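Presented below is the structure to which this report refers.
Given the structure is predicted, the values throughout are model-derived calculations rather than measurements. If you read the sequence from its start, that first residue is 1, and numbering goes on from there.
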Amino acid sequence: MMAASPGDSLRPGVGLIYDERMCRHTTPDGEAHPECPERIRAIWKKLESEGIPRRCVVLNAKKVEDKYLASVHTQNHIELIKNISSKKFDSRRQRIASMLDSIYLNVGSSEAAYLAAGSVIEASEKVAKGDLNSVIAIVRPPGHHAESNEAMGFCLFNNVAVAANYLLNEKPELGIKKILIVDWDVHHGNGTQKMFYKDPRVLFFSVHRFDFGCFYPSGDDGAYCMIGEGPGAGYNINIPWEHGQCSDADYVAVWDHVLIPIAKEYNPDIILVSAGFDAAIDDPLGGCCVTPHGYSLLLQKLMQFAQGKIVMVLEGGYNLKSMANSVLACAKVLLQEESVGSIQTATFKSTWRVIEAVRHELKGYWPVLDVELPQNLLITNSRPCPAEVTYSSSESDVENDEGAAGTINVSEFVEDDVLLPLSKLKIDEGNHGKVIASDQVQEEESLSASEASHNAELVTSNEIVDGYITWRSLLSKVEVWYASFGSNMWMPRFLCYIEGGKVEGMSAPCCGSLDKSSPKDVIWKIVPHRLLFGRSHTRTWGAGGVAFLDPERSTSDTAYLCMYRITLEQFNDVLLQENSLHQENGIIKQMASPFLDLHILEYVAKNKSLPLKALKDGWYSTVLYLGKEDDLPILTMTCSASDVEHFKSGELPASAPAKDYMNTLVNGLVEGKQLTREEAVAYVNGAATWKL
């Protein structure tokens, strides 16, 4: 309970919070689940075996008061979590949990959630007052995914956000005016980000797997261009990994070239660490390779700020052994004990690419970033990206090492559909961390022998995974013309689908294509089809219709097309993004196989159009073949013929475009030297007011 030596007792020490009552939050019928009570038990047992509690101050867990929860959560959400474990919810509890994203609930959930949030407040106040230098809060359920009005991703209350608001708004006498929140959980801290997106008093930094918007929690929130709004602009920093297998070197590079320079300028009064350990080596959900020594380095680098005032709050982490060892390494750092280890790998080239993109995005807010990184650093200290991840639609293909100590076998959870979206990403630990996703868009199909042999001379050995040619490697060698008739006629808007990002008027960025190469050529064409506007609201542009091309040829109408020469791989990525924006929750899913491969392309060319069943719920689910140019097929994507009939009948709304959306069409036509601005406006207005 006390510090180890008399010298230590003369200064504030390190605190620990752990309470067995938080283990009462379990799955209702004892089903296996990665976010289980054994997580915090394993950590506490490891710390005890090393004598850590004897060298620390062990704090009592406390339940949070509703008024402090209300600073970040809605009253309805508070009441739900407060009462969900009561008897009156016995008959409804499971149904409510099933309606939430990756959540289970039981009779112990309410108490655990209140203890977790209250304990982080207690830890933060002790450190802010100077009673302790730092505290490790071993709490569950985790919190960083929880949003103001919704539990998700194993999280009920947003523990760190509640504590940050408590320090800033409830205890001004403590002098905490600037808080740095560092979220190193492998999943993006979407909930925390949203709670402080406009608040410059909190600098939120999240490093996470993004996989171009495909990794949980999916969508655009974790993109590097999400930098905050209003007074909070520049105070939200995302480091989105493009793939798994990132290791100590990658994280240290981000610390050295993004976080540390900004933290020096920001000069926080306290640091709250959302310490998820699911980026740890052998974690069954994360697929990264951070070692205990790596985590200790990251924490050590943070101790130079805020006079070492750090509160480390447990988030994720699902390999019991790896997680416990990592927490132990961090505890030793806070106790200022020697850390032993070394970095064994180089930094991925993709990491330097992400670092440069983040620095460029933020340099207007943080001048220290307005310096080019030395080229010799980028060249000599880098390694190629890992082989393309492979996906499986069958649980029998998962080869988790069930005998590994402390390893959770994820396949047993997925069979019962307990984990929902968060569990869809699994790591094949028996095969060097290869990602296996069960929630794929289409089932994987083998290439035909003729296709494989026809393209064999184009494929190199590093483009072959497990004996077959990856579809991306093959389709990256096939060129097509993508014909745009809507907002993508303006090249900066189209490049959002290739490079990622957004233009003025868009509410959210695009994730981009895996291949970010620019189009090889751009030309214009006029075709005998009608341009029309349908629908009444989009997530990207807000109220207003968007452009469609009538799949049927017209004898009286013509439409302008801006055609981009891209690869068939890129076309598939554009097709996915166009349709994912209008699917449930805007979640962008990864493709195990393409929507449009060479076989389907041949079919489309013969039949002129094809509604894609895999995209039947999307707005642009029909691929049109519009002939050839330079012996390359011209393709576009639009609504189905039945949707056009529904626009005519009024079963589907047909609205004029929003101003910002219309401007993209006009800009495209004018900058493409097809029409004057007045002519372009008249062209768009004519299509918008056409009597269907």
Side-chain angles (χ1 to χ4, degrees), residues 25-28 31-36 39 72-74 76-81 84-85 89 92-106 109-110 112-113 116-117 140-161 183 185-195 206 208-211 213-223 226 274 276 278 284-286 315-318 410 413-426 437-441 508 511 539 580-590 617:
H25 171 61
T26 64
T27 52
E31 307 100 324
H33 194 288
E35 206 298 282
C36 60
R39 295 178 61 240
V72 300
H73 290 294
T74 64
N76 285 342
H77 180 67
I78 295 169
E79 290 299 317
L80 174 65
I81 302 304
I84 196 66
S85 297
F89 277 89
R92 295 181 286 156
R93 191 178 300 122
Q94 292 314 106
R95 182 173 61 84
I96 291 172
S98 68
M99 296 169 63
L100 298 171
D101 178 355
S102 305
I103 290 293
Y104 66 77
L105 299 165
N106 79 324
S109 298
S110 297
R140 62 178 294 272
H144 71 148
H145 291 311
E147 300 193 349
S148 62
N149 62 345
E150 184 179 2
M152 64 178 288
F154 308 162
C155 303
L156 302 186
F157 290 138
N158 196 311
N159 306 319
V160 166
D183 188 333
D185 189 282
V186 79
H187 302 98
H188 178 240
N190 56 289
T192 314
Q193 170 174 299
K194 291 178 180 178
M195 290 168 180
S206 178
H208 49 270
R209 277 191 67 175
F210 186 60
D211 294 24
C214 301
F215 201 78
Y216 190 90
S218 306
D220 310 314
D221 287 341
M226 302 297 283
S274 275
D278 40 8
L285 296 187
E315 297 284 0
Y318 309 102
V410 180
F413 310 133
V414 180
E415 290 175 357
D416 293 330
D417 197 26
V418 173
L419 301 190
L420 300 174
L422 185 51
S423 70
K424 299 303 184 182
L425 187 66
K426 305 180 293 299
S438 62
D439 186 18
Q440 60 184 50
V441 177
C511 66
R539 189 170 71 93
S580 293
L581 291 176
H582 310 295
Q583 291 176 357
E584 184 178 359
N585 297 326
I587 292 175
I588 298 174
K589 299 180 180 179
Q590 181 58 282
D617 295 325

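Annotation: side chain of Ile96 is in contact with side chain of Leu80 (closest heavy-atom distance under 4.5 Å). Ser274 has its side chain out of reach of Asp185: every pair of non-hydrogen atoms, C-beta onward, lies at least 4.5 Å apart. Side chains of Asp183 and His144 form a contact here, defined as non-hydrogen atoms less than 4.5 Å apart. Between Glu79 and Asn76, the closest side-chain pair of non-hydrogen atoms is not below 4.5 Å. Side-chain atoms of Glu315 and Arg140, non-hydrogen and from C-beta on, never get closer than 4.5 Å to each other. Side-chain contact check for Thr27 versus Asn106: every heavy-atom pair is 4.5 Å or farther apart.
Salt bridge status for Asp220 with Arg539: present, with a side-chain N to carboxylate O gap under 4.0 Å.
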*Derivation and outcome, side-chain contact (heavy atoms from CB on, under 4.5 Å), residues His73 and Met195*: CA-CA 9 Å; His73 290 294; Met195 290 168 180; 3.8 Å; yes
*Check the pair Tyr216, His188 against ring pair (Phe, Tyr, Trp, His ring centres under 6.0 Å), reporting the backbone distance first and the verdict last.*
CA-CA 8 Å; Tyr216 190 90; His188 178 240; over 10 Å; no
Hey, can you pull the donor-acceptor pairs under 3.5 Å for the side chains in residues 146-156, sequence neighbours left out?
{"from": "Glu147", "atom 1": "OE1", "to": "Lys194", "atom 2": "NZ", "distance (Å)": "3.4"}
{"from": "Glu147", "atom 1": "OE2", "to": "Asn190", "atom 2": "ND2", "distance (Å)": "2.9"}
{"from": "Glu147", "atom 1": "OE2", "to": "Lys194", "atom 2": "NZ", "distance (Å)": "2.8"}

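Contact between Pro141 and Ala116 at its shortest, heavy atoms only, is O-CB, 3.9 Å. Between Gly189 and Ser206, the closest heavy-atom pair is N-OG, 3.7 Å. Of all the heavy atoms in Phe157 and Ile78, the pair that sits closest is CE2-CA, 4.3 Å.
Using modelled atom types, no side-chain atom of Thr192 and backbone atom of Ala161 make a donor-acceptor pair closer than 3.5 Å. A donor-acceptor pair under 3.5 Å is formed between the side chain of His33 and the backbone N or O of Glu35. The closest donor-acceptor contact from the side chain of Asp278 to the backbone of Leu285 lies at 3.5 Å or more, if one exists at all. Proximity of a side-chain donor or acceptor of Gln193 to a complementary backbone N or O of Asp221 within less than 3.5 Å is detected. The closest donor-acceptor contact from the side chain of Arg209 to the backbone of Gly286 lies under 3.5 Å.
The ring pair (Phe, Tyr, Trp, His ring centres under 6.0 Å) test applied to His25 returns Tyr104, not counting sequence neighbours.
Note: Ser85 OG to Arg93 CZ = 5.5 Å, rounded to the nearest 0.5 Å. Atom-to-atom distance recorded for Phe89:CZ and Ser110:OG is 8.5 Å, nearest 0.5 angstrom. To the nearest 0.5 angstrom, Ser98 atom OG is 13.0 Å from Arg92 atom CZ.
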